[in-house]
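Before any comments, here is the structure.
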Amino acid sequence: MGRDTIADIITSIRNAEMNRKGTLRIASTNITENIVKILLREGFIENVRKHRENKNFFFILTLRHRRNRKEPYRTILNLKRISRPGLRIYSNYQRIPRILGGMGIVILSTSRGIMTDREARREGIGGEILCFIW
């Protein structure tokens with residue numbers, strides 16, 4: 001049985017966010033590298049470093065947290081896995097869902113690589129909906 005690396009990333013980020021961890025370590029693959037680049041570009045995480053340990057590469061993510069500690073803690077980053085190994089969800093570029101009226105992003109796997117919903121609409125291509133982030 002294979003591993004679902006995208007679900008592992010999402011779960012790790014969600015757990016680190018709930019436990020108020022500042023940094024997070026995830027395994028480095030091509031898919032995780034593309035997703036982390038999108039998260040960094042869209043401003044959902046602050047910093048990314050690539051670290052090597054015994055021939056294995058890891059990403060060290062610095063999460064973005066609220067600076068004000070007086071009010072109750074709420075998560076800033078919400079992630080939801082949509083397409084999974086048991087049920088793949090595909091969409092053409094006209095039917096890609098909009099998250100919070102365009103405030104969130106949808107990450108898609110297309111024939112031209114992993115990209116956000118805005119880029120896929122601009123290119124006019126659809127693909128597999130990987131996850132929602134808002």
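Given the structure is predicted, the values throughout are model-derived calculations rather than measurements. Starting from 1, each residue takes its place in the sequence as its number.
Residues L130 and F44 share a single hydrophobic cluster, defined by chaining ILVMFWY side chains whose heavy atoms lie under 4.5 Å apart. Under the 4.5 Å side-chain heavy-atom criterion for grouping Ile, Leu, Val, Met, Phe, Trp and Tyr, L77 is connected to L40 within one hydrophobic cluster. Using a 4.5 Å cut-off between side-chain heavy atoms of Ile, Leu, Val, Met, Phe, Trp and Tyr, with links allowed through other members, M103 and I133 fall into different hydrophobic clusters. One hydrophobic cluster, built from ILVMFWY side chains closer than 4.5 Å, holds both I129 and W134.
Applying the side chain to side chain donor-acceptor pair (under 3.5 Å) rule to R112 yields the partners E123; only residues at least two apart in sequence or on another chain are considered. When the side chain to side chain donor-acceptor pair (under 3.5 Å) test is applied to T32, the partners found at least two apart in sequence or on another chain are T29. Taking K50 as the reference, S28, E33, F57, F59 meet the side chain to side chain contact (heavy atoms under 4.5 Å, CB included) condition, with sequence neighbours excluded. For R122, there are no side chain to side chain donor-acceptor pair (under 3.5 Å) partners at least two apart in sequence or on another chain. Partners of N34 under the side chain to side chain donor-acceptor pair (under 3.5 Å) rule, at least two apart in sequence or in another chain, do not exist in this structure. Scanning for side chain to side chain contact (heavy atoms under 4.5 Å, CB included) contacts around R25 gives E53, F58, I60, with sequence neighbours left out.
Inter-residue side-chain proximity for I82 and V106 is flagged as unmet; no heavy-atom pair is nearer than 4.5 Å. By the 4.5 Å heavy-atom criterion applied to side chains, I45 and V36 are counted as neighbours. I26 is not listed as a side-chain neighbour of D8, based on a closest heavy-atom distance of 4.5 Å or more. At a threshold of 4.5 Å between non-hydrogen side-chain atoms, the residues I114 and I107 count as touching. Contact check for T116 versus L108: no side-chain heavy atoms found under the 4.5 Å cut-off. I6 has its side chain within reach of I31: a pair of non-hydrogen atoms, C-beta onward, lies under 4.5 Å apart. Residues P97 and F132 meet the side-chain proximity criterion, which asks for heavy atoms closer than 4.5 Å. At a threshold of 4.5 Å between non-hydrogen side-chain atoms, the residues N47 and L61 do not count as touching.
Counting non-hydrogen atoms of other residues, nucleotides and ligands closer than 6.0 Å to CG of N30 gives a total of 12 or fewer.
Atom CG of N78 and atom SG of C131 lie 12.0 Å apart (nearest 0.5 Å). In this structure, K21 NZ and M18 CE are separated by 12.5 Å, a value rounded to the nearest 0.5 Å. Within the model, atoms CG of L79 and CD1 of I35 stand 10.0 Å from one another, a figure rounded to the nearest 0.5 Å.
Nearest heavy atom pair, residue A16 against residue L24, reads CB-CD1, 4.1 Å. Here the closest heavy-atom approach between residue G104 and residue D117 is recorded as O-OD2, 4.4 Å.
The stretch residues 93-103 participates, sequence neighbours left out, in no side-chain hydrogen bond (donor to acceptor under 3.5 Å, both in side chains) pair at all. Among residues at least two apart or in separate chains, salt bridge (Lys or Arg N to Asp or Glu O under 4.0 Å) pairs with a member in residues 79-88 are D4-R81, R88-E128.
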* To do: Start with the C-alpha distance between L63 and E17, add both sets of side-chain angles, then the distance that settles side-chain contact (heavy atoms from CB on, under 4.5 Å), and finish with yes or no.
  => CA-CA 7 Å; L63 298 177; E17 178 76 22; 4.2 Å; yes
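Taking the charged nitrogens against the carboxylate oxygens, R118 and E42 do have a contact shorter than 4.0 Å, which makes a salt bridge.
Under a 4.5 Å side-chain heavy-atom criterion applied to ILVMFWY residues, the cluster that includes I125 comprises M115 as well.
Without hydrogens or angle criteria, R121 side chain to I96 main chain gives a donor-acceptor distance under 3.5 Å.
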